[in-house]
Each structure stands twice: as C-alpha cells, then as structure tokens.
Amino acid sequence: MSLDVIILAAGQGTRMKSNLPKVLHPLGGQPLVLYSVQAAEAASGRAPVLIVGHGADQVREAVGDAARYALQAEQLGTGHAVMQARALVEGASDHVIVMYADMPLLTADTLRALYEAQQGNSGPITMLTHVTDTPRGFGRIVRDPASGSVRAIVEEAQATPEQLAIREVNVGVYCFDAAWLWSHLDRIPLSPKGEYYLTDLVEMAVTEGHTITALTTEDADEVLGINTRVHLAEAEAALRRRVNERLMLAGVTIVDPASTYIHPTVEIGQDTVIMPNTYVWGRTTIGANCVIGPNTIIQDCTIGNDCEVLASVLEHATLEDRVDVGPFGHLRKGAYLESDVHMGNFGEVKNSRLRRGVKMGHFSYIGDGDIGEDTNIGAGTITCNYDGVRKHKTVTGKGVFIGSDTMLVAPVTLGDGARTGAGSVVTRDVPPGTLVYGVPARAPAREPQETTEDERSTS
C-alpha cells in the first residue's frame with residue numbers, strides 16, 4: 001500500500017486583509033503552510049503535492065524542495081484544484097489524502113489514522129469529522145441511522161433547522177481510494193457558482209451504494225482552519241500550549257506557560273527552568289539544569305548545561321556549560337562564550353569569542369574580539385572595532401587584566417598577563433606581562449621599586 005497527500009494552497013485568503021498569501025502568514029516562527037507539508041511528509045513518507053495559485057512564486061520560495069507543485073491558475077473550486085495534481089499522482093499510489101494548507105495543527109498521527117481507516121474501508125472514501133458546539137460554518141454530517149455510515153454532507157447555508165442542530169461537522173480532509181478518485185473526478189458537476197466541489201464525490205459514492213467511513217477527531221485544535229487573523233491568533237495560542245505541554249512532560253519546568261513563548265523547533269533539556277515572559281525562537285537548543293529568564297529573548301542559539309540567562313537578549317549565539325549572562329546582556333550574532341564565562345549586566349558581545357573563565361564586567365562591549373582564558377574585562381571596557389570603513393579585531397592572551405573604562409582601539413593585541421590601567425586608551429599592541437596606562441596608553445618608564453630601609457633613613 002502507498003499514499004500520496006495533496007495539499008490545497010491556491011486560495012487568496014481575502015479575509016486575512018493582507019498582501020501576503022494566507023498560507024505564508026507566520027505561525028510559531030514559520031509559514032503556516034510548512035506545518036501541513038511536514039505533517040503530510042511524515043504520514044506518507046514522500047513529499048506532498050502542493051496546489052498553488054495565488055502568490056504561487058512566493059509559496060514555492062518558502063516551501064522549497066519539501067513539496068512537489070501543481071498550479072491552479074484559475075481557482076474553480078476544490079475538485080478543480082485536485083484535478084491539477086493528476087499528472088503527478090495518478091498511478092503512483094493506492095490512496096490519496098486531500099487536505100488544506102490552512103490547517104496547521106493537524107498532526108501526522110491523525111493523517112496516518114485516516115489512512116489506516118480507509119485501508120479497512122470497503123468503500124472509496126474515509127473523511128475526517130469533528131463534534132463541536134461551534135461549527136464555524138462547516139458542513140454538517142448526516143449519517144444513516146441504521147448503519148452509522150455517512151449519507152451526506154449538508155453545507156451550512158443549505159441546512160434545515162434540524163440539520164443545523166447536528167454537532168458533527170466535515171473538516172475537509174479526505175482519504176480516497178486512488179483509482180476511484182481519478183475515475184470520478186471528471187464527473188463532478190459544475191456548481192451554480194461555476195466551481196467544482198470535492199464534497200460532491202461523497203454524494204456520488206453514496207449513490208453508487210458505497211460505504212463512506214468517518215474518523216472523528218476529538219481535538220478541536222487540530223481542525224482549526226485559518227481564515228482570519230483572529231483564527232491565526234487562536235492557532236498561535238493552541239500551538240504554544242501544545243509545545244509547552246510537550247516540554248513539561250519531558251522534564252522542563254515552565255513557571256507560567258501562559259506568558260512563555262517557545263517555538264516548536266526549540267529543544268530544551270531536563271530540569272531546565274523557563275521563567276515567565278520568556279521568548280525562545282527558531283533553531284535553539286538549551287541544555288539541562290539551566291535557568292532562563294524572566295524577561296529573556298533567545299533566537300537561534302545553542303546553550304549548554306547549567307547556564308543562567310537573566311533578562312537578556314541572545315541572537316545567533318553559543319554558550320558552553322556553566323555560563324551566566326545578565327541581567328540586561330545582549331549577545332549578538334557570532335558571540336561564543338566558552339565554559340565558566342561570566343558576563344555582567346548591560347554587557348554586549350558581537351562576533352567574538354570569550355574563552356574559558358573570562359569575567360566580563362558590566363557596561364562593556366566586545367566586538368570582533370578573541371578574549372583569552374581567565375581574562376578580566378573591567379566595567380566600561382569597549383573594543384573600538386570600527387574605523388568608519390572596516391571592522392578590526394582585538395585579541396588578548398590568557399590572564400589579561402583590563403581596567404575599567406579601557407578603550408581597546410583595534411586592531412590591537414594584548415599578550416598573556418598584560419594589564420591596563422583604568423581609563424586607558426590602548427592604540428598599540430601590549431607585550432606579555434606589561435602594564436600600560438594613560439591616553440594613549442604607555443608602559444611606565446621603569447617599574448617603581450620598593451624603597452629600602454637605608455634609603456628611608458638617609459632621605
């Protein structure tokens with residue numbers, strides 16, 4: 001047995017009131033169409049066929065090689081949309097699932113269950129339904145009172161008062177016997193609106209005496225379709241709940257899930273604590289036994305074990321084990337803090353490596369630097385890395401002591417054990433073990449020596 005999935009993504013989505021195609025609106029850090037594509041691939045083991053139309057080039061660019069594409073140049077209904085996939089799918093599989101790209105919370109598990117249900121169905125169609133008190137315009141499912149099989153789908157606009165009282169609704173996801181689908185698709189009648197509706201296949205199958213099976217999902221979040229920005233916000237909240245619950249069940253403490261925003265692409269280790277008002281986005285990995293937040297934003301970062309990040313912003317940065325940052329730290333792209341680094345409040349690091357054991361005082365900026373092990377960076381230190389045209393690098397050896405308010409005018413190198421006095425402006429390389437101070441910083445003419453007892457007695 002084999003399965004193909006066709007995803008309908010050609011619509012304009014006018015109710016979004018946006019120039020951006022509906023399926024490209026962001027949800028949990030990625031275009032919502034990607035959730036359907038990923039679920040379909042996980043369920044079938046092959047790239048789905050994405051039916052594109054409005055904003056087709058933008059959709060192709062966003063999805064890339066994760067899908068195969070068929071163009072619905074003129075939007076003439078769902079049945080017409082599936083027809084566009086015929087050349088890619090017909091004869092390639094035994095079953096076909098048709099779903100919408102605006103249902104991002106539908107899971108691969110449910111798609112697999114739908115496929116398995118159809119494999120056990122003697123008829124040509126198994127459809128996904130949901131029982132709800134808020135039908136949101138979905139068609140009602142009319143079942144045969146004796147057999148329980150589906151007899152009809154009645155659209156809300158055509159439903160009688162009795163039919164409107166039916167709580168089971170059609171969510172628009174179907175698994176078809178592939179041979180039956182392709183032999184009947186061309187028979188769909190043209191509607192009064194000039195469109196071809198996929199739901200007419202249900203009536204055809206019933207007329208032919210086939211059994212229509214329904215798989216009912218109890219998860220209201222799964223069948224949430226995105227038609228407005230209100231729906232998008234509802235889906236965002238549902239996705240956040242789903243992600244937070246998954247992490248908490250895996251051993252992560254989230255103190256206040258309602259104020260914590262974690263993308264589904266984030267991985268967090270056991271016994272890490274996420275404090276309130278924390279945002280963790282993108283391809284971020286956080287190790288075990290960390291404390292993150294409160295009031296922290298982390299994007300596309302790698303954080304090791306036993307780290308603490310307090311009220312800070314981290315972007316495209318790496319922290320090894322036992323690193324603490326903040327409060328009010330800012331790690332920008334290319335920041336790399338090795339194990340046991342301390343970065344105080346109101347510090348900023350960009351495109352720099354702070355090696356093991358570095359202590360960086362508050363109100364300091366390190367840009368384009370390579371700071372050696374066990375170096376102490378005093379408060380107010382700044383690497384002056386930009387000359388107005390190019391960026392330049394600052395390098396220190398091991399065990400360097402940089403006094404408060406030191407300006408390191410790059411390119412400049414400080415050797416192992418070098419020291420700078422408070423308020424120094426270092427414009428030249430400093431040899432190992434040398435003290436420099438002043439503006440510009442220089443070494444003293446000679447090191448002051450301790451006065452002997454005899455010298456004191458003769459003065």
Side-chain angles (χ1 to χ4, degrees), residues 251-253 266-275 278 280 284-383 393-404 406 408 413-420 430 432-433:
V252 177
T253 294
V266 172
E267 298 178 9
I268 303 178
Q270 187 172 311
D271 291 322
T272 284
V273 178
I274 308 296
M275 302 296 286
T278 292
V280 189
T284 293
T285 301
I286 299 173
N289 299 301
C290 297
V291 178
I292 307 296
N295 306 316
T296 292
I297 299 173
I298 298 174
Q299 179 181 3
D300 296 314
C301 292
T302 299
I303 298 175
N305 301 318
D306 302 295
C307 294
E308 183 174 351
V309 180
L310 171 61
S312 295
V313 177
L314 281 60
E315 310 162 89
H316 307 279
T318 299
L319 282 62
E320 293 186 356
D321 297 340
R322 300 177 302 281
V323 173
D324 66 281
V325 176
F328 311 114
H330 189 186
L331 297 182
R332 294 165 57 193
K333 187 175 182 179
Y336 193 110
L337 278 56
E338 293 187 1
S339 298
D340 302 300
V341 167
H342 163 76
M343 177 177 164
N345 52 302
F346 296 101
E348 181 174 341
V349 176
K350 186 270 299 181
N351 192 33
S352 297
R353 192 177 190 105
L354 276 58
R355 298 190 181 271
R356 182 184 296 269
V358 168
K359 302 295 185 283
M360 177 176 170
H362 40 285
F363 296 101
S364 295
Y365 168 70
I366 302 297
D368 299 292
D370 187 341
I371 309 302
E373 292 182 12
D374 298 316
T375 288
N376 184 88
I377 302 172
T381 294
I382 294 176
T383 55
K393 193 165 187 177
T394 298
V395 178
T396 81
K398 299 178 181 180
V400 173
F401 183 91
I402 300 175
S404 297
T406 293
L408 300 169
T413 298
L414 287 72
D416 293 349
R419 295 172 291 157
T420 72
V430 180

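These values consider heavy atoms only, across backbone and side chains, with no hydrogens, waters or symmetry-generated copies. Position 1 is the first residue of the sequence, and the numbers go up from there. Everything quoted here is computed from the prediction, not taken from an experiment.
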Derivation and outcome, side-chain contact (heavy atoms from CB on, under 4.5 Å), residues V309 and I286: CA-CA 11 Å; V309 180; I286 299 173; over 6 Å; no
Quick one: do V291 and M275 satisfy side-chain contact (heavy atoms from CB on, under 4.5 Å)? Show the steps, please. CA-CA 7 Å; V291 178; M275 302 296 286; 4.3 Å; yes
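Contacts classified as salt bridge (charged side-chain N to carboxylate O under 4.0 Å, His left out) and involving residues 328-337 (residues at least two apart or in different chains) are given here: R332-E348. Screening residues 285-303 for side-chain hydrogen bond (donor to acceptor under 3.5 Å, both in side chains) gives N277-N295 as the qualifying pairs, with residues at least two apart or on separate chains. The list of salt bridge (charged side-chain N to carboxylate O under 4.0 Å, His left out) pairs with a residue in residues 318-329, not counting sequence neighbours, reads R322-D340.
Proximity of M343 to L354: side-chain heavy atoms (C-beta onward) are nowhere separated by under 4.5 Å.
In this structure, P432 has no side-chain contact (heavy atoms from CB on, under 4.5 Å) partners at least two apart in sequence or on a different chain. Annotation: salt bridge (Lys or Arg N to Asp or Glu O under 4.0 Å) contacts of E308 (sequence neighbours excluded): none. Qualifying side-chain contact (heavy atoms from CB on, under 4.5 Å) partners for S404, counting only residues two or more places apart in sequence or in other chains: A379. Applying the side-chain contact (heavy atoms from CB on, under 4.5 Å) test to T406 and every residue at least two apart in sequence or in another chain returns T381, I402, L408, T420, S424, V426. In this structure, the salt bridge (Lys or Arg N to Asp or Glu O under 4.0 Å) partners of D370, at least two apart in sequence or on a different chain, are R355. R356 pairs by the side-chain hydrogen bond (donor to acceptor under 3.5 Å, both in side chains) definition with nothing, not counting sequence neighbours. Take Y336 and apply the ring pair (Phe, Tyr, Trp, His ring centres under 6.0 Å) test, not counting sequence neighbours, and it matches no residue. Taking the ring pair (Phe, Tyr, Trp, His ring centres under 6.0 Å) definition, one finds that Y365 meets it with nothing, sequence neighbours left out. Residues passing the salt bridge (Lys or Arg N to Asp or Glu O under 4.0 Å) test with K350, sequence neighbours excluded: D368.
The main-chain N or O of V273 is never found under 3.5 Å from a side-chain atom of T253 such that the two would form a donor-acceptor pair. The backbone N or O of C301 sits less than 3.5 Å from a side-chain atom of T284, completing a donor-acceptor pair. Formation of a donor-acceptor pair under 3.5 Å by the T375 side chain with backbone atoms of K398 is not found in this model.
Smallest separation of non-hydrogen atoms from S312 and G326: OG-CA, 3.5 Å. Taking every heavy atom of both residues into account, C307 and L319 meet most closely at SG-CB, 4.5 Å. Across all non-hydrogen atoms, the minimal contact from I366 to M360 is CG1-CE, 3.9 Å. Closest non-hydrogen pair, G293 versus L310, comes out as O-CD1, 3.7 Å. Scanning both residues, G367 and S352, for their nearest heavy atoms gives C-OG, 3.3 Å. Summarising the geometry of I303 relative to L314, their closest heavy-atom pair is CD1-CD2, 4.1 Å, with the distance given to 0.1 Å.
Within the model, atoms OG1 of T383 and NZ of K393 stand 12.0 Å from one another, a figure rounded to the nearest 0.5 Å. Separating the OG1 atom in T394 from the CD1 atom in I371 is a distance of 6.5 Å, to the nearest 0.5 Å. Put simply, CD1 on I377 and OG1 on T396 are 7.0 Å apart, with the number rounded to the nearest 0.5 Å. To the nearest 0.5 angstrom, L337 atom CG is 5.5 Å from L331 atom CG.
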